[in-house]
Each structure stands twice: as structure tokens, then as C-alpha cells.
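Below, chain A is the first sequence line, B the second, and so on; all start at residue 1. Just so we're clear, the structure is a prediction, and the values are computed from it rather than from any experiment.
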There are 2 protein chains.
Amino acid sequence: MTYYSGHPRILIAVDCIIFGFDGTDLKILLVKRAFEPEKNKWSLMGGFLQPDEALDEAANRVLKQLTGLEGVYMEQIHTFGDPKRDPEERTVSVAYFALIDIQQYEQQLSEDYHAEWFLLSKKPRLIFDHDNMMALAQKQLRYKAAIHPILFELLPQKFTIPQLQSLYQGVYNTVFDNRNFTRKLLSTGLLIKQKEKDKGSSKKGAFYYKLDKRKYKANFQAFLNFVPKPDKFL
Amino acid sequence: MTYYSGHPRILIAVDCIIFGFDGTDLKILLVKRAFEPEKNKWSLMGGFLQPDEALDEAANRVLKQLTGLEGVYMEQIHTFGDPKRDPEERTVSVAYFALIDIQQYEQQLSEDYHAEWFLLSKKPRLIFDHDNMMALAQKQLRYKAAIHPILFELLPQKFTIPQLQSLYQGVYNTVFDNRNFTRKLLSTGLLIKQKEKDKGSSKKGAFYYKLDKRKYKANFQAFLNFVPKPDKFL
DNA sequence: CCAAAAGTGTTCCCGATACACCCATGA
DNA sequence: TCATGGGTGTATCGGGAACACTTTTGG
């Protein structure tokens, strides 16, 4: 007999808010729920915590099921425990957000789960409290990206400065001055200019940059200030 | 039969990291665990999530049991789910931190739970992963207090600027320049000077201030900058 | 009158912002 | 040649940091 008898055991879920960047737009990955209740409605990708599985493991497992990707940047954001949040049975859900480079994402897998990328502005209504989770994830993403260089996690190995700016603008849903943005960015010393250009989006072409991973890891904790007028956060 | 059969139900706990300020030092409230396993060892105050109880409710219930206080500032910080974190039975724990004014705290209740305030530097080793929780709470407190005026939650209604400075210095374990600190503080417009002085800690005495609650609430989201050289955060 | 803490101003510098024109190229 | 997006420099301003002396009063 355990010392903890008399206390309820409860279902625990993990839900992932998956942000992706395709080189132009910031998007979110949603799935059509495959089982009851709320079958066939749009939802975050989630799953139940298994015995002997850590929370982070569960989140990574769920992410891998959906995208095939491993080693992706993930972070726990909040745990939702309203007793009525899932009408079927009480479930406490631990929400994670993940940042992925859409170009690395294996398209075919989305078929299996009816997964689809949505522009943030065109996201459908989600089941349960997933809209709240989503909103919180966005807030935290803004909060954190204003201070830490996490948005690099969304970029391919080679990227251009205009792409990066467009990513930041997507996250903050605003427009930055490109001169100031470039200057701040380069002043971090985190970027290594390449010789090739990306000719995809303009005639002149934009130079590719790579991330200096050594410095990136060393400076990850550093306090940056990419975002002008740090208005209202979290 | 539920749609969710086949998934494990798991114990869920809530643990509170309770920071307090006595006018001089920043402290943390710990209890001697009253039951097995690890009975009589120092631990965070915690409890199990009850049926039909939201997570925040559980955290407030636990806090009230220990301190008798309600309406205290509390915030969820992280959920810990290592399968082996509690050797007795798998338990996922949602950690909260709370900020309280020690002078408001009813001393007598501590008896019932063998609770004791500890200086952060003199904290004993805690059970399970509570030391980790504690460390994370401290990090988050620093992180957040650098940006938001949450440390006011730890103060009594009337407080002096030297007290406030000593609180900030306790949180960041460092020393600030008092001229710069005072100027920043007053420039927020959040403080209302009182006519009386606190003669407790000096011969000259320090003027009391009160918080302008209206402005406090309005500006809570504002971006401040109390902490010099925002070094390494979270 | 002395010790101990409270209170107060100025200077300097860096970093954020605002702002506009030239460049390279493919069509 | 022209339209499109890429790339760059300067001037101003505000806020943060460094820094030391005077004030008060109980003992």
C-alpha cells in the first residue's frame, strides 16, 4: 500500500504549439484530431504522458510523430489544469512550444495526421482550451525572442537578413526599420557572411549568412534588444 | 467506457516556493515533511491535486494551509515530470512561486507544519527535486523582477526606499548604487511619499512610501529597468 | 561630537532611433 | 531602362552608469 493513497490519479497530456518559418511567413502547425471527442476538429498536436516517460520526452515523441523531426528547439510553457478543460475526462495538459524550419519538415508525414500549416492570422478555431494555449505561446515567444536569439531556431542553415527581418516582423506583427535592424543584428557578431546569394526573392539577390554556433551557444543567455520599443510583454 | 482508456492516470502534486521579505532579508519558507517517505526532512510546501480542483486553486489551498494567507501573489513556474522524481510513486509536480510580506504572515501557524523561514544562503538540502525547483524559482524571480515591479508584492503597505533596495539586492545577491536606484524608482511615479519616518534602522530615519496601487496595476505590464547590467538571465 | 544611515546632482557615454539614397540585377 | 528589393551612414537624443558629499539624530 502506498503512502499516497486517497489522492486521485489523473490523465496527463502534452500539447505542442509548433511554430514554423518557411522563409517568408511565420506559421503554426495544426492537426485534425483523429479520435473522439471532437474528432476531425482542428487541434494542437498532443498525446498522453506514458508511464516512465518524462514530460520532455513525451513532447518530443509527439513532435516526432507529427513531423519526423528530432533535436528540435522545444520549451515547456505552462500547464493547464481546469477540471473542465476536456469534457470527456479530466486531463491536465502540459503545453510546449517548438520552433522548426519548415524546409526541413518532411511534407509526407503531414498526410498521416492531416496536418497543415496555417498563417497565424488564418488559424481556425481550436478545440478545448487550445486557443488559449496558442495565445500564451505567442506571448511567450514574443517575450523571449525580444531578449534571446531563439528565432534562429526557425531558420535554415543558410538564411538572409531580409528573411530574418521578415521573421521578426511576423512574430511581432509589425514593421522594423531595416537599417537599424541590420545594424543590431550584425553587431551581435553571431552571423557569418557567405559568398553566395539567395536570388529567390529579388533580382539583386541577398547574401546568405550562417549562424556562428559557437558564439550562439555562448551568447544564448545574453540580453539582446532586437525589438524596438519593447511594449507590453507577457 | 472512455475514449481515453489505455492511458495511465498519474498523481499530480503542487509545490510552492514561498519567498518572503521581513524588511531586511529575502527568505524562503520551508516545512518539515509530515509523512513518509522522507518524513521529517525539509521540503517545499506541497499537496496533491484534488478532483475538480484547478491547479491555481490547489496552489492557493496549499499556501493557505501553511500561512493562513489568501490573495497572495502567485505564479506557476514549471512542471516537473521525471518518472523517478518521487521514489514512492510517480508524481508529476506543478511548481508555483509565491511572494509574501513576512510581517503579515501569522507566526502561529508555522508551528503546526514545522515551518521555518530560511535565508537563501542558509537553506538546507531539500527532498526529491525540490532544490531544482527552488533554483528555477529564483532564476524566474530574477528574470521577472528585472522587468516587472513584482517585488512590491513582498513589501508591507508602508516601506522605505532602503528596504526596497535591500530587497532587490537580496534577489540579485549584489549591491546597487543607491543614488541611481532611488532615481529609477521614483521616476516610475509608483511611489507616494508619506510624512512619517521609519526610525527602526537608523538614527536619521527613512521616509515611508506607499505604493500607488492604481498606477501599479496599470503599469504592471510596463517594461522597467531596475537592475543594472541585465546580465545572464534565465 | 561622533557614528551610522539617509538623501541628493552632475557628467559622461553608449546605444536606440529616425531618416533617404545608391546599388545590382533580371525582365 | 526601369522596377524591385538589397544594402548602407549620420545626427540626435535619452537613459544608464559612475561618482562623493551633506544631512540628521540618537547615543
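- With sequence neighbours left out, B:Phe80 forms a ring-ring contact (aromatic ring centres under 6.0 Å, His included) with B:His78.
- Here B:Ala206 pairs with B:Thr160, B:Pro162 under the side chain to side chain contact (heavy atoms under 4.5 Å, CB included) rule; sequence neighbours left out.
- Counting only distance, with no hydrogens or angles, the side chain of B:Gln169 and the backbone of B:Phe176 share a donor-acceptor pair below 3.5 Å.
- Between B:Leu185 atom CG and D:dG16 atom C1' there is a gap of 15 Å when expressed in whole angstrom units.
- Using a 4.5 Å heavy-atom threshold, the side chains of A:Met133 and A:Asp129 count as touching.
- Here C:dT8 presents its C1' atom at 10 Å from NZ of B:Lys193, a figure rounded to the nearest Å.
- Within the structure, side-chain hydrogen bond (donor to acceptor under 3.5 Å, both in side chains) contacts touching residues 196-216 of chain A (residues at least two apart or in different chains) are A:Glu153-A:Tyr216, A:Lys158-A:Glu196.
- When the side chain to side chain donor-acceptor pair (under 3.5 Å) test is applied to B:Gln138, no partner is found at least two apart in sequence or on another chain.
- Considering only residues two or more places apart in sequence or on other chains, B:Asn180 meets the side chain to side chain donor-acceptor pair (under 3.5 Å) condition with B:Arg183.
- Atom P of nucleotide D:dG16 and atom CZ of B:Phe181 are separated by 13 Å, given to the nearest angstrom.
- B:Phe176 places its CZ atom 20 Å from the P atom of C:dA5, with the value rounded to the nearest Å.
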message: Treating primed atoms plus P, OP1 and OP2 as sugar-phosphate and everything else as base, which nucleotides of nucleotides 9-14 of chain D get B, S or - for protein heavy atoms under 4.0 Å?
response: BB----
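- Taking atom OH of A:Tyr209 as the reference point, atom P of D:dG7 lies 6 Å away to the nearest angstrom.
- A:Thr160 comes within contact range of no nucleotide atom at all, as no heavy-atom separation falls under 4.0 Å.
- Between the CZ atom of A:Phe207 and the P atom of C:dC23 there is a distance of 15 Å, rounded to whole Å.
- A straight line from CG of A:Leu186 to P of D:dT8 spans 8 Å, rounded to a whole angstrom.
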Check residues 18-31 of chain A and write down every donor-acceptor pair under 3.5 Å in which the side-chain atom is one partner and the other belongs to a residue at least two apart or another chain.
| unit_1 | atom_1 | unit_2 | atom_2 | d |
| --- | --- | --- | --- | --- |
| A:Asp22 | OD1 | A:Thr24 | N | 2.8 |
| A:Asp22 | OD1 | A:Asp25 | N | 2.7 |
| A:Asp22 | OD2 | A:Lys27 | NZ | 3.0 |

Just the atom pairs and distances: protein N or O near nucleotides 25-27 of chain C's N or O, under 3.5 Å.
| unit_1 | atom_1 | unit_2 | atom_2 | d |
| --- | --- | --- | --- | --- |
| C:dT25 | O3' | A:Lys203 | O | 3.4 |

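- Atom pair A:Lys184:NZ and D:dG7:C1' shows a separation of 18 Å (rounding to whole Å applied).
- Listed by chain and number, the residues in a side chain to side chain donor-acceptor pair (under 3.5 Å) with B:Gln157 amount to none (sequence neighbours excluded).
- The side chain to side chain donor-acceptor pair (under 3.5 Å) test applied to B:Lys123 returns B:Asp131, not counting sequence neighbours.
- Within the nucleic acid shown, A:Ser201 comes within 4.0 Å of sugar-phosphate atoms alone, with no base atom in reach, counting heavy atoms only.
- The overall bend of the helix from C:dC1-D:dG27 to C:dA27-D:dT1, read as the angle between its terminal helix axes built from five base pairs each, is 0° when rounded to 10 degrees.
- Taking the ring-ring contact (aromatic ring centres under 6.0 Å, His included) definition, one finds that B:Phe118 meets it with B:Trp42, sequence neighbours left out.
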